[in-house]
Amino acid sequence: MTAGLLVTLAPTASAEDSMTDLGAFAYGSDLVVGGDKVVVSIDNRIVVADTAGQVQGTITGVSGASGLAMTADGTRVYAALQGSKEVAEIDTATREITRRIDLAAYGCPFSLALTGERLWVGYGCDATGVLGFDLSAPTSQPVVADTSLLKSSPYIAAGGDTLVVGEFAGSPTDLFVYDVSGAAPVLRGEIDGHTYSNYRLEDIAVTPDGSHIISAFALPDAFTMWNATTLAKVRDYEKGPEAEGYPTSVAVSPDGTYIAGGRTSGVGMTLYDRASGTTVYATNPPQGEVMSGSAAYVGRDVYSLVKSDTDHLYLWRLHDVTLPASTLTLTAAPGGTAQQPLTMTGQLTFADETVPGAQPLVVTRKLPDGTTAELPGVTTAADGTFTLTDTPPTGGQTTYTVLWKGDGEHRWSKASVTTAVRYKAGLTLTGPTSAVAGTTLIFSGTSQAEGTTPPRRAWITV
């Protein structure tokens with residue numbers, strides 16, 4: 001029953017990163033994107049979501065769903081079904097299977113890739129190999145690639161006229177590069193795993209024009225770009241000082257400018273400038289680790305799958321990661337008291353040093369009991385500074401958060417501050433209003449604090 005649960009978290013995440021719970025983890029998961037659709041295979045089901053991370057529906061009856069491939073417009077997705085030894089074509093709008101390609105004569109389909117209207121299928125059970133199908137024809141005879149040097153089940157990727165076939169298992173691990181511009185694949189050559197000390201392939205990506213290949217091997221500990229024609233190594237995209245885990249997934253932006261690389265721990269996702277190799281952006285998922293082979297781009301967003309410590313699978317969306325960064329700061333004045341105005345200040349700045357001007361900010365407040373409310377928003381001054389005033393209803397640890405949703409030219413940003421708000425307190429005192437000198441006077445009173453218990457054995461100065 002747990003495997004069927006679909007819980008969407010943070011529905012307001014369209015301006016922020018988001019995590020969508022897809023239910024219990026199952027092996028064989030893959031992720032593809034296209035148009036306004038994100039599709040995830042999870043063993044015996046396929047989940048279809050929109051690009052905001054909101055689940056639209058689930059496809060069942062897809063035994064052993066593993067590798068996926070999707071058209072650029074997102075209207076059709078192809079799923080490798082290892083259980084039934086076939087590839088299913090699915091209409092993403094209706095979520096109905098519109099065609100089935102029987103592969104019983106070859107073996108279990110494992111990995112898929114698209115080049116135009118040609119679908120490439122890597123299979124491997126009793127036998128291993130790669131087939132190509134012309135999807136524009138009502139019926140298509142498979143084109144067989146020469147994979148005689150392949151030593152294990154093939155993991156494939158494609159772009160432009162380049163098809164890459166990697167060995168899913170094996171140490172060292174080889175990559176075979178094919179030219180698929182003609183009627184049949186032509187082997188350009190081999191990237192030898194022994195020569196470059198490539199061990200345990202996790203993912204492959206090909207630039208949209210097919211000119212370069214980016215590999216993610218567990219060893220060496222880097223994402224590597226190769227020239228798809230000469231097969232020469234171009235550069236490594238090194239991990240930053242906080243990246244501890246090994247590479248697990250890699251994707252290239254639609255315009256070929258950026259590379260997104262996922263790791264198991266430390267910094268979960270890093271965005272690199274493809275040409276220079278510099279790190280543009282890096283962040284970590286709120287929980288869990290990035291799954292192997294699960295990175296993909298849609299426009300300025302990066303998607304990946306994250307497995308949590310509780311074996312749940314999440315769709316992680318990084319919003320507007322290719323835009324220049326923005327930064328928000330927020331500081332609260334010390335000594336705030338419940339039911340009295342509390343002043344906070346902050347500033348919005350841009351990494352490219354342009355002036356923000358007047359920008360609207362969303363403000364939320366979280367009280368000590370966990371209740372959250374959206375407060376009236378504020379607008380920045382021309383230099384990005386702003387002042388926020390609120391009257392906290394009660395004392396205790398109170399958190400204020402400001403969010404800027406971005407402007408299409410800069411990435412969104414958020415800042416929070418937690419301040420210890422004093423409880424509203426008071427003292428009462430009663431006793432005689434007149435007396436004779438030298439006699440004992442007795443006074444009594446109470447210590448009061450709204451919303452909490454007054455401290456016991458507190459000293460009071462008389």
With side chain to side chain contact (heavy atoms under 4.5 Å, CB included) as the test, would you mind laying out the steps for Leu175 and Leu201 before giving the verdict? CA-CA 9 Å; Leu175 298 178; Leu201 178 65; 4.2 Å; yes
Full working for side chain to side chain contact (heavy atoms under 4.5 Å, CB included) between Thr398 and Leu367: CA-CA 5 Å; Thr398 303; Leu367 296 177; 4.2 Å; yes
For Leu103 and Leu131, run side chain to side chain contact (heavy atoms under 4.5 Å, CB included): C-alpha distance rounded to whole Å, both residues' side-chain angles, the deciding distance at 0.1 Å, then the answer. CA-CA 10 Å; Leu103 293 175; Leu131 304 171; 3.7 Å; yes
Test side chain to side chain contact (heavy atoms under 4.5 Å, CB included) on Val417 and Val402; report intermediate values, then the result. CA-CA 9 Å; Val417 64; Val402 289; over 6 Å; no
Please determine whether salt bridge (charged side-chain N to carboxylate O under 4.0 Å, His left out) holds for the pair Arg274 and Asp255, giving the CA-CA distance in whole Å, both sets of side-chain angles, and the decisive distance to 0.1 Å. CA-CA 11 Å; Arg274 177 187 154 203; Asp255 61 1; over 6 Å; no
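Cation-pi geometry between Arg200 and Tyr246 is satisfied (NZ or CZ under 6.0 Å from the ring centre, within 45° of the ring normal).
Between the side chain of Asp301 and the main chain of Asp320, a donor-acceptor pair closer than 3.5 Å is present. Not one N or O on the side chain of Ser181 forms a donor-acceptor pair closer than 3.5 Å with the backbone of Asp161. Here the side chain of Ser111 pairs no donor or acceptor atom with the backbone of Gly122 at under 3.5 angstrom. Judged purely by atom type and a 3.5 angstrom limit, Asp174 has no side-chain atom pairing as donor or acceptor with the backbone of Asp192. Not a single donor-acceptor pair under 3.5 Å links the side chain of Thr224 to the backbone N or O of Ser215. For the pair Ser326 (side chain) and Arg411 (backbone), a donor-acceptor distance under 3.5 Å is present. Listed for the Asp50 side chain is no donor-acceptor partner under 3.5 Å among the backbone atoms of Lys37. A distance-only check finds no donor-acceptor pair linking the side chain of Arg95 to the backbone of Ile59 [under 3.5 Å]. Under the 3.5 Å distance criterion, the side-chain polar atoms of Thr380 are matched with a main-chain donor or acceptor of Gln359. Side chain of Ser304 to backbone of Ala295: no donor-acceptor contact under 3.5 angstrom is found.
Other residues, nucleotides and ligands contribute more than 12 heavy atoms inside 6.0 Å of the CG atom of Asp102.
Aromatic ring pairs are classed by plane angle as parallel below 30°, tilted from 30° to 60° and perpendicular above 60°; the pair Trp404 and Phe350 is tilted. A perpendicular orientation is assigned to the rings of Phe168 and Phe110, their planes being inclined by more than 60° (bins at 30° and 60°).
The closest side-chain heavy-atom distance from Arg317 to Val298 is not below 4.5 Å. A heavy-atom distance below 4.5 Å is found between the side chains of Asp203 and Tyr155. With contacts defined as side-chain heavy-atom distances shorter than 4.5 Å, the pair Thr248/Glu289 does not qualify. Contact check for Tyr178 versus Thr147: side-chain heavy atoms found under the 4.5 Å cut-off. Between Met291 and Leu313 there is a side-chain heavy-atom pair separated by less than 4.5 Å. Considering only heavy atoms from C-beta on, Tyr303 comes within 4.5 Å of Thr51 through its side chain. Taking the side chain as every heavy atom from C-beta outward, Phe386 and Leu328 approach each other to under 4.5 Å. Pro220 has its side chain out of reach of Asp236: every pair of non-hydrogen atoms, C-beta onward, lies at least 4.5 Å apart.
Judged by distance alone, the side chains of Arg188 and Thr162 do bring a donor and an acceptor atom under 3.5 Å apart. No side-chain donor-acceptor contact under 3.5 Å links Ser152 and Glu167.
For the pair Gly129 and Pro154, the tightest heavy-atom approach, listed with the atom from each and the gap, is O-CG, 3.3 Å. For the residue pair Val143 and Pro185, the shortest heavy atom distance occurs at CG1-CD, 3.5 Å. Closest heavy-atom contact between Ala228 and Gly210: CB-O, 3.3 Å. Considering all non-hydrogen atoms of both residues, Leu112 and Ala69 come closest at CB-CB, 3.8 Å. The nearest pair of heavy atoms linking Ser148 to Asp146 is OG-OD1, 3.0 Å. Heavy-atom minimum distance, Val33 versus Ala296: CG2-CB, 3.7 Å.
Asp36 meets the salt bridge (charged side-chain N to carboxylate O under 4.0 Å, His left out) test with no other residue; sequence neighbours excluded.
Remark: Thr401 OG1 to Lys414 NZ distance equals 6.5 Å, nearest 0.5 Å. Going from atom OG1 of Thr71 over to atom CG of Leu114 covers 7.5 Å, rounded to the nearest 0.5 Å. Rounded to the nearest 0.5 Å, atoms OG1 (Thr345) and CG (Leu330) are 7.5 Å apart. How far CD of Glu16 is from CH2 of Trp412: 5.0 Å, rounded to the nearest 0.5 Å. Put simply, OG1 on Thr279 and CD1 on Ile259 are 11.0 Å apart, with the number rounded to the nearest 0.5 Å. Rounding to the nearest 0.5 Å gives a distance of 8.0 Å between OG1 of Thr364 and CG of Leu403.
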Acceptor/donor pairs from residues 85-93 side chains to any protein atom, 3.5 angstrom cut, sequence neighbours excluded:
unit_1, atom_1, unit_2, atom_2, d
Glu86, OE2, Ser84, OG, 2.9
Glu86, OE2, Arg100, NH1, 2.5
Glu89, OE1, Thr98, OG1, 2.7
Glu89, OE2, Tyr78, OH, 2.5
Glu89, OE2, Arg99, NH2, 3.1
Asp91, OD1, Ala93, N, 2.8
Asp91, OD1, Thr94, N, 3.2
Thr92, OG1, Gly74, O, 2.5
Thr92, OG1, Thr75, O, 3.2

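Among residue pairs with one or both ends in residues 112-125, those qualifying as side-chain hydrogen bond (donor to acceptor under 3.5 Å, both in side chains) are Arg76-Glu117, Thr115-Trp120; sequence neighbours excluded.
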